[in-house]
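A quick write-up on the structure given underneath.
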Amino acid sequence: MSAPYAKLPAWVDYGLIPLINLVVAFLVAGLVVLAVGESPLRAAALLIEGAFGYGEGIGFTLYYATNFIFTGLAVAVAFHCGLFNIGGEGQAYVAGLGVALPILWLDQIMPWYVVFPAAIVGSAIAGAAWAFIPGWLQAKRGSHVVITTIMFNFIASSVMVYLLVDVLKPAGSMAPQTRTFAEGGQLPRLDWLLAIFGLDIGGAPFNLSFLLALVAAFVVWLVIWRTKLGYEIRTMGHSPKAARYAGIKESRIVIITMLMSGGLAGMMALNPIMGDQHRMALDFVAGAGFVGIAVALMGRSHPVGIVPAAILFGMLYQGGAEISFEMPQISRDMITIIQGLVILFAGAMENMFRPAITTFFATLGGARDAKPAPAVE
Amino acid sequence: MEYFDTLIVILQSTVRVSVPLILAALAGLYSERSGIFDIGLEGKMLAAAFAGGAAAAVTGSALIGLGAAILVSVFLALVHAFASITQRGNQIVSGVAINFIALGATVILGQAWFRQGGRTPQLGEGARFSTVELPFAAEIANVPILGPIYSNLLSGHFLLTYLAFALVPFTWWVLYRTRFGLRLRAVGENPGAVDTAGISVTWMRYRAVICCGILCGIAGAYLSMAMTAGFVKGMTAGKGFIALAALIFAKWKPVNVMFACLLFGFLDAMSIRMQGNELPLIGEVPVQFMQALPYVLTVVLLAGFIGKAIPPKAGGVPYVKER
C-alpha cells in the first residue's frame, strides 16, 4: 500500500481517533436503546452507577475485567505477529482442564499458594497446547489460522462437553461439572485491596488472579517491546518478507507466538474456576475469548491500552446486569451488540474518520507539509 | 426393508438440514471468490431468520417475510462491504463484528417487540412456507424401492429446498459460463488485471457481496419460516460456520459445496438419530464426536492431508488502485 494517510501527532493517533471510534460505537448502541423505547442517557447513568457506584459493583467490574485482560492480551500478542487468533474462547475452555486437574489432585492436601502455581502452569500449558495445532498448521502447512482457530473453538466445545458430562462429573451428580474444590483450590479474594479505598466488595468474586493479569500485561509489554523475540514477532507482523530476509525463522516465530497467545488465553480460566465458582462447569468461559478481540482492538494491542479497555468491558458486563433490573428490555445481549459495534468501529472501520481528522489538522498546521488525505474510493 | 426405511428417513432429514448450509455456503462462495472473506455468514443468517420471522408474524405473509429477511441480510452484507472494500478494513474483524451485532440485536429487538423471551410468535398457515408434493407422489408410494425414494425423499420438501438445489448448477453456470462470473473470479485472483481491463474492482466486489447477502437472507428465511415456524434466539447455532467449513472443504467450487453440505448435513442427521443408539461393531459413539466431525474434517483438509484447499489468491486483501 502506498502510505495512504498522512502522519498525525501521536496523541491523535493513539488517543483521539480510538476515542472517536468508541464514541461512535456507543452512539449507535444508544440508537438501539432508543429503538427499544428506553432513554439512552438513563441507561448510561445506570450503567456507570451499577459498575462503579459501590464496592460490590467495582469488585464485579474488576472480576470481569480480569478475564478480558487475559483474553485481550492473547489476541494482541497474535496481532503483533500478523496473526488473528479467534480461538481464545476454545483455548480458555480447554485450559479449564489445566486448572481443574491439578486442583482436583492437590486441593485437599496442599494450601492454595502451592496449588496456584501448579494451576497457572497447567492453564498456560493447556491453552498453549490447544493453540499449538493451529499455529503449527499455519507455520508448516499454510492453513489459515483464522479458520483453524474457529474450527478449534467448536471442537473444544464438543470435547469439553463430553469430558464434563461423561468423565469429570462425580458419580451420583446430575450437573455436568466437577466436584467443588476444597480450601486448597480456592484463591483468596482481594477485599483488602479495595478496603484501602474504603470500599467493601461484599460478595464480589474479585480475586488474586487480577494481580496475575496485571503481571501478565507487564510481561507481555516486556517481551514484545524489550526482547529479541518480541522484535522478531513485530517484524513478522509488519513485513513477513523483511523478516525472511533478516534471517528470522518464520515458522518458529509463528508457532511461538501462537503458544504465547494460547497460554495467555488459557490463564483466563484461573479467574472463574479457581477464583469464583471453585469448580469447573459447562461453558465457564461465557464469551470472554471473543470479548478479547474487542479489547485488543480498542487497546491498540498495547498492554497500556488493553487494561483500561478490559475494565471498560468489565464495566459493561457488570453495569449491564444492573440495567436489566431497571430496564427489563435491555438484557445482557445489549453488551453483545456494543461488543460488535466496538469491533466494527474500532477495528474494521478504524480509518473512517482519519481523512477528516487529517484534513482538520492539516488546515490547523497551515503551511506544514502534511499531505492531504486522498479521497476514499 | 427396515434398514431401507431408516435410511430414507435419515436421508430425508439430511436434505432438510443441508438446505441452509447449501444456501449459506453458496453465499460465501460468491463473496470469497471475489476476494472478500466472509466469516459473518452466521450473523447474516441469524439476522435474516429474525427479520423473516418477525415480518411474517406481523404481516401474515411468507413472501413479505422472505423479502424482509433478504433486505436485512443484504444491509449487513453492505456494512461488511463498506468496511472491507471502501474502508479497506480487516475483513475478518468486520465479519466478527457483524456476527456479534446480529446475535445481540435479534434478542434485544425480539424481546422489545414481541416479549416472548427473544422468540417471534408462532407462524400460522400462510405466514410460513409449506411443503409441496411432487405429482403422483401418493400414487407410486407403494412401489418398492423407487416409491419411497420418490415420494418420501424427493417429494414433500419446501420450494426453498428445491430452489437451494437449483442454485447449485445455476451458480456453477454464473461463475464459469458468464462474463459476470469470469470477472468475479478474476477480481478474487488478480484484481490488478481486472482494473487494467477497465472494470471497477470496487463495483464488482460490491455486487458479489450483495449476492452473498441475498443467499444468506434466503438461508435465514428457511430456518425461521420453513424448517421451524418462528424465530428462536440463537437459532443458527453455528450453521454459518459449518457452511464456511463446507465452503473450504469444497475448495470454493459450487458442485463440491453441495456435496460437502450434504455430507455435513448427513453427519448432523446421524448424530440426532444415533443419540442413545448403538452402532453395530463400534458401539455407542458420543454425540459430541459426531458434532465435532465436520470441523475436524475441515482442519484435516486445511492441513493438506486430503488434497489441498487453495483459497482465492486475492482473498482478504483490500484492493488499492495504483497511484
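Labels below follow one simple rule: chain letters A, B, ... track the order of the sequence lines, proteins then strands, and each chain is numbered from 1. Remember, it's a predicted structure, so these values are computed and weren't measured experimentally.
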**More than 12 heavy atoms from other groups under 6.0 Å of CZ on A:Phe353** = yes
**Item:** side chain to side chain contact (heavy atoms under 4.5 Å, CB included) assessment of B:Val79 paired with A:Leu344
**Value:** CA-CA 9 Å; B:Val79 172; A:Leu344 188 66; 4.0 Å; yes
**Request:** Please tell me if the side chains of A:Ser331 and B:Ile108 come closer than 4.5 Å, counting only heavy atoms from C-beta onward.
**Result:** yes
**Request:** Determine, stepwise, if the pair B:Gln291 / A:Phe154 fulfils side chain to side chain contact (heavy atoms under 4.5 Å, CB included).
**Result:** CA-CA 9 Å; B:Gln291 285 166 348; A:Phe154 285 101; over 6 Å; no
**Prompt:** Centroid-to-centroid, B:Phe289 to A:Tyr162, below 6.0 Å?
**Reply:** no
**Message:** Out of A:Val159, A:Val36, A:Val32, return the one with the most heavy atom pairs under 4.5 angstrom to chain B.
**Reply:** A:Val36
**Message:** Listing request: all side-chain hydrogen bond (donor to acceptor under 3.5 Å, both in side chains) pairs with a residue in residues 20-31 of chain A, at least two apart in sequence or in separate chains.
**Reply:** none
**Prompt:** Just by distance, do the side chain of B:Gln87 and the backbone of A:Met352 share a donor-acceptor pair under 3.5 Å?
**Reply:** yes
**Message:** Angle between ring planes, A:His144 versus B:Phe37, binned at 30° and 60°: parallel, tilted or perpendicular?
**Reply:** perpendicular
**Asked** Run the side chain to side chain contact (heavy atoms under 4.5 Å, CB included) check on A:Ile337 and B:Phe100 step by step: do they pass?
**Response** CA-CA 6 Å; A:Ile337 302 184; B:Phe100 283 124; over 6 Å; no
**Request:** Evaluate the side-chain proximity of B:Thr298 to A:Thr148: yes if any heavy-atom separation is below 4.5 Å, no if none is.
**Result:** no
**Item:** Atom NZ of B:Lys233 with >12 non-hydrogen neighbours under 6.0 angstrom
**Value:** no
**Asked** Most heavy-atom pairs under 4.5 angstrom with chain B, which of A:Gly37, A:Ser158, A:Ala35, A:Gly347?
**Response** A:Ser158
**Asked** In Å, rounded to the nearest 0.5 Å, how long is the span from CD of B:Gln111 to OG of A:Ser324?
**Response** 11.5 Å
**Prompt:** So which of B:Ser84, B:Ala112, B:Gly89 has the biggest tally of heavy-atom pairs under 4.5 Å with chain A?
**Reply:** B:Ala112
**Request:** Heavy atoms only, distances under 4.5 angstrom: which of A:Glu38, A:Gln339, A:Met151 has the most pairs with chain B? Name it, please.
**Result:** A:Met151
**Message:** Could you check whether any side-chain heavy atom of B:Leu103 comes within less than 4.5 Å of a side-chain heavy atom of A:Asp333, counting everything from C-beta outward?
**Reply:** no
**Request:** Please collect all salt bridge (charged side-chain N to carboxylate O under 4.0 Å, His left out) contacts where either partner lies in residues 341-352 of chain A, sequence neighbours excluded, each pair once.
**Result:** A:Arg300-A:Glu350
**Request:** Please step through side chain to side chain contact (heavy atoms under 4.5 Å, CB included) for the pair B:Val93 and A:Phe84, ending with a clear verdict.
**Result:** CA-CA 9 Å; B:Val93 174; A:Phe84 194 172; 3.6 Å; yes
